[in-house]
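The structure presented is a predicted model; accordingly, all values stated were derived computationally and were not measured.
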Amino acid sequence: MTERDERIDASAPSRRDVLAGSAGFLAAVAGLSLLAPGARAQGVPRPHILYILADDLGFADVGFHGSDIRTPNLDRLAAGGAKLSQFYTQPLCTPTRAALMTGRYPMRYGLQVGVIPSGGTYGLATDEFLLPQALKDVGYRTSLVGKWHLGHADRKYWPRQRGFDSFYGPLVGEIDHFKHEAHGVTDWYRDNTLVKEEGYDTDLFGAEAVRQLSAHDPKIPLFLYLAFTAPHTPYQAPQAYLDMYAHIADPSRRAYAAMVTAMDDQIGKVVAALEARGMRENTLIVFHSDNGGTRNKMFVGEGALAGDPPPNNAPYRDGKGSLYEGGTRVVALANWPGRIKPGQADGVMHVVDMLPTFAKLAGADLKQAKPLDGKDAWAALTAGAPGRDELIYNVEPTTGGVRQGKWKLVWHVLLPPKVELFDLDADPEEKTDLSTQNPAKVAELKEKVVDLARTMAPPLFFSTALKATLSAPLATPDAGLYQMEMEDD
C-alpha cells in the first residue's frame, strides 16, 4: 500500500438521510495485517474473489444466526469460515455499493444521502478509481452479475465503463423480480445491451455466475461480484419456494423467507461450480447484506407494502435507512479454505475496507486512487485483530453518526435536534442513552461530526429531489375539490 493509501482520515462520515439515509463507516483500522505494505505478502497466493451481496437482508434472517429461514449453503460457508460480528455498511444501497467500489466514504463524492432514484440522472463520479479497475490492471477478469445502482441515466456510469469486463443484470435499485421492470420499463442488460429474458432474477443470476465459472480459465484470477436483488421489495418468489413457508401466516414474511432461501440455493450452485472447476481452494468468498433489513416503511422502496416490513435485525435497533446498529451492522461472513480459520471474527470492519484488502491480496497498485478511507482488514478477517477503533456511520446535512472505541454518537440535527450517546460494549442494542452523563464525550464527537461536514461534497440526491418537486404537474383547485368530494363519499 502506498504512503498515500496509508493516509486515512481517522474521522469519517456516515449518517442517515431524512429522505433516505445512508450510514455506516469505520475510519481507523488497526494497522495490523498479515500482509506487508507494498507488494503481496510472501506465501499468500492471489485468490479468486467471489463477492456476494444480498439486498436488504435482516441481520437475524440466516440459519447461522438462529433463523427459521433455511440457508444451508450460507450456514456451511459460515461454519467453515469467519462469521463477522461487527461488519458495517452504509444504511442504504447506493452508498454501500459506492463505498465498496471506491474504498472511500460516500460523502467524498456526494452519494451520502439516499439512493439514486429511478428518475435520477447522476451517478458515481467518473474520476473515482474503482475496485474492478484496480484488479483488472493486475490481470484479473472482472464480472458483475446482478444489481448495479450506481448510475443508469448516462452510459458513462455503467459497469462496463467502470472496469468490469462483463455485466449482466439491472442498473436501477428496484425491479419486478419476474418481469425485470422498473415502473413498467425493462431494466435488464447484458453488457451494454438491453435484453428481454424470462425467469426469476435470482435464478438467472445464479445460472449466469455458474455459466461464467464453467467457462473460466482457473489460471486467470477472477473477481466475480454477485449482487442479488433478494430479498429487496417487491416480495416475490417462485411458488415452490413459497410452498416451503406455507406455515408463515404473514404473506410478506412468507415471500421474504422464500426469497432468502432461493438466493441461498443459487449461492450453493455457484460454490459447487467453483469446486467443479478446481477453483474453490483458492477462492476468497465474502458475503454480506448491503444494509440492515427494512423495518421502517419509509425505506421499503418505490412500491406499496401491506402490513409491517418482514425483515428481522435482532438483537439490533431499527433497520435500513437508520444510523442505529440495525441499519448498519449487517450479517456477514468470509471464507477461504486454509486461509481464514473457522470461528467468529469480532474485529470492527467496514465495507470501505474491502478495496484495500483485496488490492493487497492481488498486488494491485492504488496510486490512481484518491486518498482512501478504507484500510487493509486482512488481519481482522484472519487473525482475530480488533479492526477499527473509529467508525464513521455517516455525515450529511441533517444527521451525523460516529463511533470511537466503545462510544457511539447519533446526532439528529433537524429541529428539534436530538443527540444520543451509547456504550456499544455494554449496550449494543442501543437501549440506554448516556449523553447527559458524558457531556465531554458528546462534545468531542459532535466536534468531529462538524469537522467532517465542513469537508463533504454536496449531496447529489437533494438537487434531484428539488428538481422533481419543482417540475411536478400543477396541483389545481379543481383537483383538490374533487379529492375532497371523493373522501366525503
Under the side-chain contact (heavy atoms from CB on, under 4.5 Å) criterion, do Phe228 and Gln266 qualify, and how do the steps go? CA-CA 10 Å; Phe228 286 101; Gln266 294 306 316; 4.1 Å; yes
Report the residues that fulfil salt bridge (charged side-chain N to carboxylate O under 4.0 Å, His left out) with Arg190, sequence neighbours left out, ordered by chain and then residue number.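 So Arg190 forms a salt bridge (charged side-chain N to carboxylate O under 4.0 Å, His left out) with Glu208.
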Minimum heavy-atom distance between [X] and [Y], given as atom pair plus value:
| X | Y | answer |
| --- | --- | --- |
| Pro342 | Ala79 | CB-O, 3.5 Å |
| Arg46 | Pro221 | NH2-CG, 3.5 Å |
| His177 | Met259 | NE2-CE, 3.4 Å |
| Met279 | Thr283 | O-OG1, 2.7 Å |
| Ala364 | Ala134 | CB-O, 3.6 Å |
| Ala262 | Tyr241 | CA-CE2, 3.5 Å |

SB check [X] [Y] (cutoff 4.0 Å):
| X | Y | value |
| --- | --- | --- |
| Arg295 | Asp318 | no |
| Arg104 | Asp373 | no |
| Arg160 | Asp191 | yes |
| Glu128 | Arg108 | no |

Heavy-atom check, side chain of [X] versus side chain of [Y], under 4.5 Å:
| X | Y | value |
| --- | --- | --- |
| Arg280 | Asn335 | yes |
| Leu213 | Val270 | yes |
| Met101 | Pro132 | yes |
| Lys136 | Asp165 | yes |
| Asp353 | Asp376 | no |
| Asp187 | Glu181 | no |
| Leu144 | Ser166 | no |
| Leu381 | Met349 | yes |

To the nearest 0.5 Å, what is the distance between [atom1] ([X]) and [atom2] ([Y])?
| X | Y | atom1 | atom2 | value |
| --- | --- | --- | --- | --- |
| Thr328 | Tyr316 | OG1 | OH | 10.0 Å |
| Leu124 | Leu130 | CG | CG | 5.5 Å |
| Leu284 | Leu50 | CG | CG | 8.5 Å |

Main-chain N/O of [Y] paired with [X] side-chain donor or acceptor, under 3.5 Å:
| X | Y | result |
| --- | --- | --- |
| Trp148 | Tyr157 | yes |
| Thr357 | Ala377 | yes |
| Ser289 | Leu57 | yes |
| Thr294 | Val300 | no |
| Lys269 | Gly206 | no |
| Asn313 | Phe59 | yes |
| Ser67 | Gly63 | no |
| Lys147 | Pro170 | no |
| His180 | Lys196 | no |
| His216 | Pro218 | no |

Sequence-distant partners of [X], ring-ring contact (aromatic ring centres under 6.0 Å, His included), two or more places apart:
| X | answer |
| --- | --- |
| Tyr140 | none |
| His152 | none |
| Phe178 | Tyr200 |

Consider only side-chain N and O atoms of [X] and [Y], and report whether a donor and an acceptor are under 3.5 Å apart.
| X | Y | answer |
| --- | --- | --- |
| Asp61 | Asn312 | no |
| Tyr256 | Gln236 | no |
| Ser214 | Gln212 | no |
| Gln344 | Asp346 | yes |
| Asp201 | Thr229 | yes |
| Tyr225 | Ser143 | no |
| Arg403 | Tyr88 | yes |

Qualifying salt bridge (charged side-chain N to carboxylate O under 4.0 Å, His left out) pairs, either residue in residues 72-101, two or more places apart: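 Matches after skipping sequence neighbours: Asp55-Arg97, Arg97-Asp290.
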Is the positively charged end of Arg317 above the ring of Tyr324, judged by distance under 6.0 angstrom from the centroid and angle within 45° of the axis? yes
Would you kindly check if the NZ (Lys) or CZ (Arg) of Arg70 is within the cone defined by 45 degrees around the ring axis of Tyr245 and under 6.0 Å from the six-membered ring centre? yes
Would you please name every residue forming a side chain to side chain contact (heavy atoms under 4.5 Å, CB included) with Asp243, sequence neighbours left out?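 Gln239.
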From CA spacing to verdict: ring-ring contact (aromatic ring centres under 6.0 Å, His included), Tyr51, Phe287: CA-CA 6 Å; Tyr51 202 93; Phe287 169 86; 9.5 Å; no
Give the ring-plane orientation class for Tyr168 versus Phe205, where under 30° counts as parallel, over 60° as perpendicular and anything between as tilted. perpendicular
Check against ring-ring contact (aromatic ring centres under 6.0 Å, His included), Trp336 and Phe358: CA-CA 13 Å; Trp336 185 0; Phe358 295 160; over 10 Å; no
One pair to check against ring-ring contact (aromatic ring centres under 6.0 Å, His included): Tyr189 and Trp158. What are the steps and the verdict? CA-CA 10 Å; Tyr189 291 83; Trp158 293 12; 5.0 Å; yes
